[in-house]
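Okay, structure first, notes after.
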Amino acid sequence: MFDALSTRIQDTFKSLRGEVRLTEAHVETALREIRLALLEADVNVNVVKAFVDRVRDQAMDQAVLKSLSPGQQVVKVVRDELLALLGTTSGGLTEQAPTPRVVLLLGLQGSGKTTTSAKLARWLQRQGRHPVLVSTDVRRPAAIEQLAVLAERTGVPVFAPDTMDPVARARGAVADAKARGFDTVIVDSAGRLHIDDALMEELRAIREAVQPVDLLYVADAMTGQDAIRSAGEFNRQIGVTGVVLTKLDGDARGGAALSVVSVVGVPIAFVGSGEGLDDLEVFHPDRLVSRMLGMGDVFTLIEKAEQVIDKDEAEQLEEKLRRNEFSLEDFRRQLKTLKRMGPLENILGLLPGMGSIKQAVENRPDEKQLGRVEAIISSMTPRERAEPGVINGSRRKRIAAGSGTAVEDVNRLLKQFGEMRRVLQMIGQGGMPKAGKGMPRMPLPSQGHGGGGLPGRKRKKGGPWGLIKTR
Ligand SMILES: Nc1nc2c(ncn2[C@@H]2O[C@H](COP(=O)(O)OP(=O)(O)OP(=O)(O)O)[C@@H](O)[C@H]2O)c(=O)[nH]1
Ligand SMILES: [Mg+2]
């Protein structure tokens, strides 16, 4: 998400960064670019105007213009204002809730309520909670069955009474949860093509009956500004505590995300990025902004990595990186791990300064390129993998023939690998941002690219590479 917007904003900053001394004209040009980029991303026009005005006010400050690194100062202003737009609090569910906690999902037809209910159940399960699901969608014949099927995939129980009264179903689920010790009741509700009084009445009745602490409005990000307008209406009529933006994996331009907080005044709680039941992330505005500004999102990467990386392997890798012995063999193994972390373009987008590589990958029809890299490395002898320096012209020819690739492919890979080692070494001297207490760290570049070095960002001195701690 936000690819086009991120690229444009980052390009704008690149042009600023080249300037030793910024003038008002420079800032004005940059602001014009940013304004266009935001509008193209489908951000609400009033939001854009207010945003640009605020950035201008601060960026034009003489202290900023005369500072030693005016370009970076402007990036910082934009970063802070983007955060103000998205809200500074992290998403997720409301902190305090009685037991059982009731979560009600609402929204227009087809926005992803039922899918999100199941995703949320799985997410809660991972947190060690015990959710139960209930559908109050008695209008669409297959709706109850749809939730049951999804629930079965997650292993979360569904409360399925005989009654076809939405309120009775929800109330029954809460009573059942109390009786059987479930701590969370997720209520999936019916959707309509348009907001209508009957739907609102039904939702109000459900709300009164089960007193949800979390009222999550599920919005299809692809519908852009319309989704936001109806979010406002649901908020007025029912009350909304958080928004779930779904289908951000599609070609949604993401503007909805940037407008929803300021237009509706409700934070984004979760984002959905696929049809799979694991494709739900707690929304972290700071991470998203870092991603947009090309600073990467190392924390999300760590969380993903944690799920697939083997602890011993990670320790060995760390040792190798420390001694600068990272070989092509290790590289090949890392590629395998990387593949397990999900689609490559999603992962690369999380790495600082990887924007352009990400684009290169996206231009490929699929992940064939990764397969080719693996094939090339597999065609090397163990010695070649350990010491790429010995790979001369004739060896390159042999490797190309063995892997069904061209010598240029082998050359490119070796060059990229050399480059990667150099970067890894360089970052090794930079350091790792301080992770939260008990947070695992992984051997991946953390910063040092893009807009790194912003004022106010503390860097941790000392060992650059950490261990993965598996839970
Ligand atoms: N690509 C993608 N598809 C999604 C996502 N969330 C939901 N979908 C798909 O969107 C379609 C509609 O999802 P549902 O969960 O049935 O939507 P709903 O709001 O319950 O729909 P109604 O009950 O008819 O109002 C399904 O095909 C889902 O697989 C997402 O994050 N990404
Ligand atoms: Mg549904």
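Note that ligands are numbered from 1 as they come in the structure, with each ligand's atoms numbered from 1 the same way.
Ion pair Arg8/Asp11 not flagged as a salt bridge, since none of the NZ, NE, NH1 or NH2 atoms sits closer than 4.0 Å to an Asp/Glu carboxylate oxygen. Asp214 and Arg101 are joined by a salt bridge, as a carboxylate oxygen and a charged side-chain nitrogen come within less than 4.0 angstrom of each other. Using a cutoff of 4.0 Å between basic side-chain nitrogens and carboxylate oxygens, Arg139 and Glu202 are scored as salt-bridged.
Note: no N/O pair closer than 3.5 Å links Ala190 and ligand 1 by distance alone. At a 3.5 angstrom cut-off on N or O pairs, Gln146 counts as close to ligand 1. For the pair Ser111 and ligand 1, the shortest N or O to N or O distance falls below 3.5 Å.
From Arg126, atom CZ reaches atom CG of Leu280 across 10.0 Å, with rounding to the nearest 0.5 Å.
Panel note: side chain Thr12, backbone Ile34; no donor-acceptor pair is recorded below 3.5 Å. In this structure, Arg140 contributes its side chain and Ala190 its backbone to no donor-acceptor pair below 3.5 Å. Between the side chain of Asp80 and the backbone N or O of Val77 there is no donor-acceptor pair closer than 3.5 Å.
Aromatic ring pairs are classed by plane angle as parallel below 30°, tilted from 30° to 60° and perpendicular above 60°; the pair Phe234 and Tyr217 is tilted.
In this structure, the protein non-hydrogen atom closest to atom 14 (P) of ligand 1 is Thr115 OG1, 3.5 Å. Ranking the protein heavy atoms by distance from atom 32 (N) of ligand 1 puts Asp249 OD1, 2.9 Å first. With hydrogens left out, the protein atom closest to atom 30 (C) of ligand 1 is Gly274 O, 3.2 Å, a heavy atom. Ranking protein heavy atoms by distance to atom 21 (O) of ligand 1, first place goes to Gly110 N, 3.0 Å. For atom 17 (O) of ligand 1, the closest non-hydrogen atom of the protein is Gly112 N, 3.0 Å.
Atom CD of Gln96 has 12 or fewer heavy atoms from other residues, nucleotides or ligands within 6.0 Å.
Using a 4.0 Å cut-off to heavy atoms of Gly191, the atoms of ligand 1 that qualify are 25 (O). Here is the list of ligand 1 atoms found below 4.0 Å of a heavy atom in Gly272: 31 (O). Atoms of ligand 1 lying under 4.0 Å from any heavy atom of Thr114, numbered from 1 in the order shown and given with element: 15 (O), 18 (P), 20 (O), 23 (O). Every atom of ligand 1 is numbered from 1 in the order shown, and the set under 4.0 Å from a heavy atom of Lys119 is 30 (C), 31 (O). In the vicinity of Ser273, heavy-atom distances shorter than 4.0 Å reach the ligand 1 atoms 31 (O). Atoms of ligand 1 found under 4.0 Å from any heavy atom of Gln109 (numbered from 1 in listed order, with element): 24 (O), 25 (O).
If you look at Arg139 next to ligand 1, there are no close heavy atoms at all, none under 4.0 Å. With a 4.0 Å cut-off on non-hydrogen atoms, Asp137 touches ligand 1 through its side chain and not its backbone.
A donor and an acceptor atom, one from each side chain of Asp188 and Thr114, are located under 3.5 Å apart.
The residue among Arg140, Lys247, Glu275, Lys113 with a heavy atom at the shortest distance from atom 31 (O) of ligand 1 is Lys247.
Among the backbone and side-chain atoms of Gln109, none of the N, O or S atoms lies under 2.8 Å from the Mg ion (ligand 2).
Contact between Asp220 and Thr246 at its shortest, heavy atoms only, is CA-OG1, 3.5 Å.
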